[in-house]
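Just so it is clear: chains get the letters A, B, ... in the order the sequence lines come, proteins before strands, and each one is counted from 1. Just the heavy atoms: all of them, side chains too, but no hydrogens, waters or symmetry mates, feed the values below.
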2 protein chains.
Amino acid sequence: MEDKFDALFKALGHRVRRQILDLIKDGPKTTGALCETLTELDRCTVMQHLSVLEKAGLVVVERRGRERWNHLDALPIHDVQKRWIGPYAAHAVGMLEELEALAKIDASPQETAEKSNA
Amino acid sequence: MEDKFDALFKALGHRVRRQILDLIKDGPKTTGALCETLTELDRCTVMQHLSVLEKAGLVVVERRGRERWNHLDALPIHDVQKRWIGPYAAHAVGMLEELEALAKIDASPQETAEKSNA
DNA sequence: CATTAATGTTATAAAAATATAACATGTCAA
DNA sequence: TTGACATGTTATATTTTTATAACATTAATG
(Lines give C-alpha, C1' and ligand atoms only; values in the text may rest on other atoms or scores of the structure.)
Protein backbone atom coordinates (compact mmCIF):
# COMPACT_ATOMS: atom_id res chain seq x y z
CA MET A 1 0.00 0.00 0.00
CA GLU A 2 2.75 2.44 0.92
CA ASP A 3 4.56 1.18 -2.17
CA LYS A 4 1.65 2.50 -4.21
CA PHE A 5 2.00 5.98 -2.71
CA ASP A 6 5.77 5.84 -3.19
CA ALA A 7 5.24 5.15 -6.89
CA LEU A 8 2.55 7.81 -7.20
CA PHE A 9 4.42 10.63 -5.50
CA LYS A 10 7.63 9.74 -7.31
CA ALA A 11 5.75 9.73 -10.61
CA LEU A 12 4.40 13.19 -9.80
CA GLY A 13 7.82 14.37 -8.62
CA HIS A 14 9.22 15.24 -12.06
CA ARG A 15 8.05 18.21 -14.07
CA VAL A 16 8.19 16.36 -17.39
CA ARG A 17 5.84 13.70 -16.08
CA ARG A 18 3.43 16.28 -14.72
CA GLN A 19 3.62 18.00 -18.11
CA ILE A 20 2.71 14.71 -19.78
CA LEU A 21 -0.30 14.33 -17.50
CA ASP A 22 -1.45 17.80 -18.49
CA LEU A 23 -0.94 16.94 -22.16
CA ILE A 24 -3.21 13.88 -22.00
CA LYS A 25 -5.72 15.32 -19.57
CA ASP A 26 -8.24 16.23 -22.25
CA GLY A 27 -7.74 13.11 -24.32
CA PRO A 28 -5.20 10.38 -25.09
CA LYS A 29 -2.13 11.06 -27.23
CA THR A 30 0.33 8.82 -29.04
CA THR A 31 3.90 8.63 -27.86
CA GLY A 32 4.96 10.31 -31.07
CA ALA A 33 2.63 13.24 -30.49
CA LEU A 34 4.03 13.66 -26.98
CA CYS A 35 7.58 13.62 -28.32
CA GLU A 36 6.69 16.35 -30.78
CA THR A 37 5.73 18.58 -27.87
CA LEU A 38 8.63 17.57 -25.62
CA THR A 39 11.25 18.46 -28.23
CA GLU A 40 14.00 19.02 -25.67
CA LEU A 41 13.95 15.33 -24.70
CA ASP A 42 15.04 12.18 -26.45
CA ARG A 43 12.22 9.84 -27.46
CA CYS A 44 13.64 7.13 -25.17
CA THR A 45 13.52 9.49 -22.24
CA VAL A 46 9.88 10.28 -22.93
CA MET A 47 9.14 6.55 -23.07
CA GLN A 48 10.90 6.01 -19.75
CA HIS A 49 8.80 8.74 -18.17
CA LEU A 50 5.68 7.14 -19.63
CA SER A 51 6.78 3.84 -18.13
CA VAL A 52 7.10 5.44 -14.69
CA LEU A 53 3.62 6.92 -15.05
CA GLU A 54 2.29 3.56 -16.20
CA LYS A 55 3.79 1.75 -13.19
CA ALA A 56 2.17 4.31 -10.92
CA GLY A 57 -1.15 3.55 -12.61
CA LEU A 58 -1.52 7.11 -13.89
CA VAL A 59 -1.24 6.22 -17.56
CA VAL A 60 -3.07 3.39 -19.28
CA VAL A 61 -1.88 2.28 -22.69
CA GLU A 62 -4.10 1.35 -25.58
CA ARG A 63 -2.42 -0.11 -28.65
CA ARG A 64 -3.86 0.75 -32.06
CA GLY A 65 -1.92 -0.80 -34.90
CA ARG A 66 1.58 0.52 -34.64
CA GLU A 67 0.54 3.39 -32.42
CA ARG A 68 0.53 3.59 -28.67
CA TRP A 69 -2.19 5.80 -27.21
CA ASN A 70 -1.50 7.04 -23.71
CA HIS A 71 -4.61 7.61 -21.61
CA LEU A 72 -4.76 9.41 -18.28
CA ASP A 73 -6.15 7.45 -15.33
CA ALA A 74 -6.72 9.93 -12.55
CA LEU A 75 -8.22 7.44 -10.09
CA PRO A 76 -4.92 6.89 -8.19
CA ILE A 77 -4.70 10.63 -7.62
CA HIS A 78 -8.10 10.40 -5.99
CA ASP A 79 -6.57 7.95 -3.49
CA VAL A 80 -3.67 10.32 -2.83
CA GLN A 81 -6.20 13.06 -2.22
CA LYS A 82 -8.11 10.96 0.31
CA ARG A 83 -5.19 9.59 2.30
CA TRP A 84 -2.57 12.35 2.15
CA ILE A 85 -3.50 15.63 0.60
CA GLY A 86 -6.99 16.18 1.94
CA PRO A 87 -6.14 15.67 5.62
CA TYR A 88 -2.98 17.78 5.38
CA ALA A 89 -4.73 20.53 3.40
CA ALA A 90 -7.30 20.61 6.19
CA HIS A 91 -4.44 20.87 8.66
CA ALA A 92 -3.14 23.84 6.66
CA VAL A 93 -6.53 25.54 6.85
CA GLY A 94 -6.47 24.96 10.59
CA MET A 95 -3.06 26.65 10.78
CA LEU A 96 -4.36 29.62 8.81
CA GLU A 97 -7.30 29.97 11.14
CA GLU A 98 -4.97 29.96 14.12
CA LEU A 99 -2.94 32.73 12.50
CA GLU A 100 -6.08 34.76 11.82
CA ALA A 101 -7.09 34.38 15.45
CA LEU A 102 -3.66 35.68 16.48
CA ALA A 103 -4.05 38.62 14.09
CA LYS A 104 -7.34 39.59 15.76
CA ILE A 105 -5.68 39.50 19.14
CA ASP A 106 -2.95 41.79 17.79
CA ALA A 107 -5.59 44.16 16.42
CA SER A 108 -7.14 44.56 19.88
CA PRO A 109 -4.18 44.24 22.23
CA GLN A 110 -5.97 45.66 25.30
CA GLU A 111 -7.82 42.38 25.70
CA THR A 112 -4.58 40.48 26.22
CA ALA A 113 -2.63 43.16 28.06
CA GLU A 114 -2.55 41.10 31.26
CA LYS A 115 -0.83 38.20 29.49
CA SER A 116 1.64 40.36 27.52
CA ASN A 117 3.39 42.36 30.28
CA ALA A 118 4.46 39.50 32.55
CA MET B 1 7.40 27.42 -9.31
CA GLU B 2 7.66 23.98 -10.86
CA ASP B 3 10.80 23.57 -8.77
CA LYS B 4 8.62 23.96 -5.71
CA PHE B 5 6.31 21.16 -6.82
CA ASP B 6 9.32 19.00 -7.68
CA ALA B 7 10.63 19.42 -4.15
CA LEU B 8 7.21 18.83 -2.62
CA PHE B 9 6.33 15.67 -4.51
CA LYS B 10 9.83 14.30 -4.05
CA ALA B 11 9.61 14.99 -0.33
CA LEU B 12 6.31 13.12 -0.19
CA GLY B 13 7.72 10.31 -2.35
CA HIS B 14 9.43 8.39 0.47
CA ARG B 15 7.52 6.46 3.10
CA VAL B 16 9.89 7.46 5.90
CA ARG B 17 9.27 11.14 5.20
CA ARG B 18 5.51 10.62 5.08
CA GLN B 19 5.84 8.73 8.36
CA ILE B 20 7.72 11.69 9.86
CA LEU B 21 4.94 14.06 8.75
CA ASP B 22 2.40 11.83 10.48
CA LEU B 23 4.56 11.79 13.60
CA ILE B 24 4.66 15.59 13.88
CA LYS B 25 1.13 16.19 12.66
CA ASP B 26 -0.31 16.64 16.15
CA GLY B 27 2.60 18.62 17.52
CA PRO B 28 6.34 19.19 17.04
CA LYS B 29 8.93 16.60 18.03
CA THR B 30 12.66 16.74 18.60
CA THR B 31 14.99 14.93 16.22
CA GLY B 32 15.90 12.60 19.05
CA ALA B 33 12.28 11.68 19.67
CA LEU B 34 11.81 10.92 15.96
CA CYS B 35 14.92 8.72 15.97
CA GLU B 36 13.53 6.75 18.90
CA THR B 37 10.49 5.88 16.78
CA LEU B 38 12.41 5.24 13.55
CA THR B 39 14.72 2.69 15.18
CA GLU B 40 15.50 0.93 11.90
CA LEU B 41 17.28 4.02 10.56
CA ASP B 42 20.53 5.72 11.43
CA ARG B 43 20.20 9.12 13.06
CA CYS B 44 22.04 10.72 10.13
CA THR B 45 19.53 9.25 7.73
CA VAL B 46 16.64 10.67 9.73
CA MET B 47 18.33 14.07 9.68
CA GLN B 48 18.76 13.87 5.90
CA HIS B 49 15.08 13.09 5.51
CA LEU B 50 14.26 16.04 7.76
CA SER B 51 16.47 18.21 5.58
CA VAL B 52 14.55 17.14 2.46
CA LEU B 53 11.28 17.96 4.20
CA GLU B 54 12.69 21.30 5.32
CA LYS B 55 13.79 22.21 1.79
CA ALA B 56 10.29 21.40 0.57
CA GLY B 57 8.93 23.75 3.22
CA LEU B 58 7.01 20.98 4.96
CA VAL B 59 9.04 21.08 8.16
CA VAL B 60 9.97 24.22 10.04
CA VAL B 61 12.68 24.03 12.67
CA GLU B 62 12.61 25.73 16.02
CA ARG B 63 15.75 25.57 18.11
CA ARG B 64 15.39 25.33 21.88
CA GLY B 65 18.72 25.09 23.66
CA ARG B 66 20.46 22.04 22.33
CA GLU B 67 17.22 20.59 20.98
CA ARG B 68 15.75 20.87 17.51
CA TRP B 69 11.97 20.87 17.40
CA ASN B 70 10.51 19.87 14.05
CA HIS B 71 7.17 21.50 13.26
CA LEU B 72 4.83 20.53 10.44
CA ASP B 73 3.94 23.26 7.96
CA ALA B 74 1.09 21.93 5.86
CA LEU B 75 0.58 25.10 3.81
CA PRO B 76 2.65 23.85 0.83
CA ILE B 77 0.41 20.78 0.65
CA HIS B 78 -2.51 23.16 0.31
CA ASP B 79 -0.84 24.52 -2.83
CA VAL B 80 -0.33 21.01 -4.18
CA GLN B 81 -4.00 20.36 -3.56
CA LYS B 82 -5.05 23.46 -5.47
CA ARG B 83 -2.81 23.06 -8.51
CA TRP B 84 -2.43 19.32 -8.95
CA ILE B 85 -4.52 17.05 -6.81
CA GLY B 86 -7.87 18.83 -6.77
CA PRO B 87 -8.24 19.17 -10.54
CA TYR B 88 -7.09 15.58 -11.16
CA ALA B 89 -9.26 14.18 -8.39
CA ALA B 90 -12.17 15.96 -10.06
CA HIS B 91 -11.10 14.37 -13.33
CA ALA B 92 -11.20 10.98 -11.58
CA VAL B 93 -14.74 11.64 -10.35
CA GLY B 94 -15.67 12.53 -13.91
CA MET B 95 -14.24 9.21 -15.10
CA LEU B 96 -16.24 7.35 -12.46
CA GLU B 97 -19.42 9.10 -13.55
CA GLU B 98 -18.77 8.11 -17.15
CA LEU B 99 -18.34 4.51 -16.03
CA GLU B 100 -21.58 4.66 -14.06
CA ALA B 101 -23.39 6.01 -17.10
CA LEU B 102 -22.03 3.11 -19.13
CA ALA B 103 -23.20 0.68 -16.44
CA LYS B 104 -26.75 2.08 -16.67
CA ILE B 105 -26.72 1.65 -20.42
CA ASP B 106 -25.62 -1.95 -19.92
CA ALA B 107 -28.42 -2.48 -17.40
CA SER B 108 -31.11 -1.30 -19.84
CA PRO B 109 -29.73 -2.17 -23.26
CA GLN B 110 -33.06 -1.70 -25.10
CA GLU B 111 -32.73 2.09 -24.77
CA THR B 112 -29.52 2.12 -26.78
CA ALA B 113 -30.36 -0.71 -29.14
CA GLU B 114 -30.31 1.61 -32.14
CA LYS B 115 -26.71 2.66 -31.43
CA SER B 116 -25.48 -0.84 -30.55
CA ASN B 117 -26.47 -2.83 -33.63
CA ALA B 118 -24.95 -0.69 -36.30
C1' DC C 1 34.80 23.61 34.07
C1' DA C 2 34.40 18.85 32.67
C1' DT C 3 31.00 15.51 31.12
C1' DT C 4 27.37 14.04 28.83
C1' DA C 5 23.55 14.69 25.68
C1' DA C 6 21.57 16.54 21.45
C1' DT C 7 22.55 17.95 17.28
C1' DG C 8 25.50 19.40 13.20
C1' DT C 9 29.07 18.55 9.40
C1' DT C 10 31.82 16.18 6.04
C1' DA C 11 32.93 12.25 3.52
C1' DT C 12 31.71 8.14 1.22
C1' DA C 13 29.52 3.79 -0.32
C1' DA C 14 25.57 1.83 -2.47
C1' DA C 15 21.34 2.18 -4.91
C1' DA C 16 18.06 4.44 -7.89
C1' DA C 17 16.66 7.80 -11.34
C1' DT C 18 17.56 10.23 -15.62
C1' DA C 19 19.08 10.73 -20.31
C1' DT C 20 20.88 8.75 -24.48
C1' DA C 21 22.61 5.53 -28.03
C1' DA C 22 22.28 1.51 -30.78
C1' DC C 23 19.75 -1.91 -32.38
C1' DA C 24 15.12 -4.68 -32.89
C1' DT C 25 10.24 -5.36 -33.85
C1' DG C 26 5.82 -4.79 -35.80
C1' DT C 27 2.71 -2.56 -39.15
C1' DC C 28 0.98 0.33 -42.66
C1' DA C 29 0.80 1.48 -47.45
C1' DA C 30 2.47 1.89 -52.03
C1' DT D 1 7.02 -7.39 -50.36
C1' DT D 2 9.58 -3.64 -49.35
C1' DG D 3 10.49 0.73 -47.46
C1' DA D 4 9.29 3.96 -44.14
C1' DC D 5 7.28 4.84 -39.73
C1' DA D 6 5.98 4.22 -34.86
C1' DT D 7 7.30 1.97 -31.21
C1' DG D 8 10.01 -1.48 -28.22
C1' DT D 9 14.40 -3.34 -26.01
C1' DT D 10 18.97 -3.46 -24.12
C1' DA D 11 23.00 -1.28 -22.62
C1' DT D 12 25.35 2.44 -20.54
C1' DA D 13 26.91 7.03 -18.82
C1' DT D 14 25.65 10.61 -15.58
C1' DT D 15 23.43 12.42 -11.79
C1' DT D 16 20.76 12.18 -7.61
C1' DT D 17 19.16 9.88 -3.54
C1' DT D 18 19.66 7.05 0.36
C1' DA D 19 22.18 5.24 4.16
C1' DT D 20 26.28 5.27 7.24
C1' DA D 21 30.50 6.39 9.53
C1' DA D 22 33.59 9.46 11.71
C1' DC D 23 34.33 13.56 13.68
C1' DA D 24 32.76 18.48 15.36
C1' DT D 25 29.87 21.69 17.83
C1' DT D 26 26.80 23.42 21.25
C1' DA D 27 24.37 23.50 25.55
C1' DA D 28 22.64 21.62 29.93
C1' DT D 29 24.18 19.77 34.44
C1' DG D 30 26.69 18.21 38.22
### Query
Under the side chain to side chain contact (heavy atoms under 4.5 Å, CB included) criterion, do A:His14 and B:Phe9 qualify, and how do the steps go?
CA-CA 8 Å; A:His14 196 291; B:Phe9 281 120; over 6 Å; no
For [X] and [N], is the shortest distance between a side-chain N/O and OP1 or OP2 below 4.0 Å?
X	N	result
A:Thr45	C:dT20	yes
A:Arg63	C:dT27	no
B:His49	D:dT17	no
B:Arg68	C:dG8	yes

### Message
Closest-nucleotide mapping onto DNA chain D: is A:Lys10 or A:Arg43 further toward the 5' terminus? I mean the 5' end.
### Response
A:Arg43
### Message
Quick check on DNA chain D: between A:Gln48 and A:Glu67, whose nearest nucleotide comes earlier from the 5' end?
### Response
A:Glu67
Rounded to the Å, how far apart are [X] [atom1] and [N] [atom2]?
X	N	atom1	atom2	result
A:Glu36	D:dT7	CD	C1'	14 Å
A:Arg17	C:dA19	CZ	C1'	12 Å
A:Asp6	C:dA15	CG	C1'	15 Å
A:Phe9	C:dA17	CZ	C1'	19 Å
A:Leu12	C:dA17	CG	C1'	16 Å
A:Leu34	D:dG8	CG	C1'	16 Å
B:His14	D:dT16	NE2	C1'	13 Å
A:Leu50	C:dT18	CG	P	13 Å

### Query
In terms of side-chain geometry, is the basic nitrogen of B:Arg64 or B:Glu62 positioned less than 4.0 Å from the acidic oxygen of its partner?
yes
### Query
Is a salt bridge present between B:Asp73 and B:Lys25, judged by a nitrogen-to-oxygen distance below 4.0 Å?
no
### Query
Please walk me through it: do A:Met47 and A:Thr31 pass side chain to side chain contact (heavy atoms under 4.5 Å, CB included)?
CA-CA 7 Å; A:Met47 285 187 65; A:Thr31 307; 3.9 Å; yes
### Message
With nearest nucleotide decided by heavy atoms, which residue, A:Leu41 or B:Met47, maps closer to the 5′ end of DNA chain C?
### Response
B:Met47
### Task
Name the residue closer to the 5' end of DNA chain C, choosing between A:Asp42 and A:Gly65 according to the nucleotide with the nearest heavy atom.
A:Asp42
### Query
If every non-hydrogen atom of B:Ala11 is compared with every non-hydrogen atom of B:Arg17, which pair is closest and at what distance?
O-NE, 2.9 Å
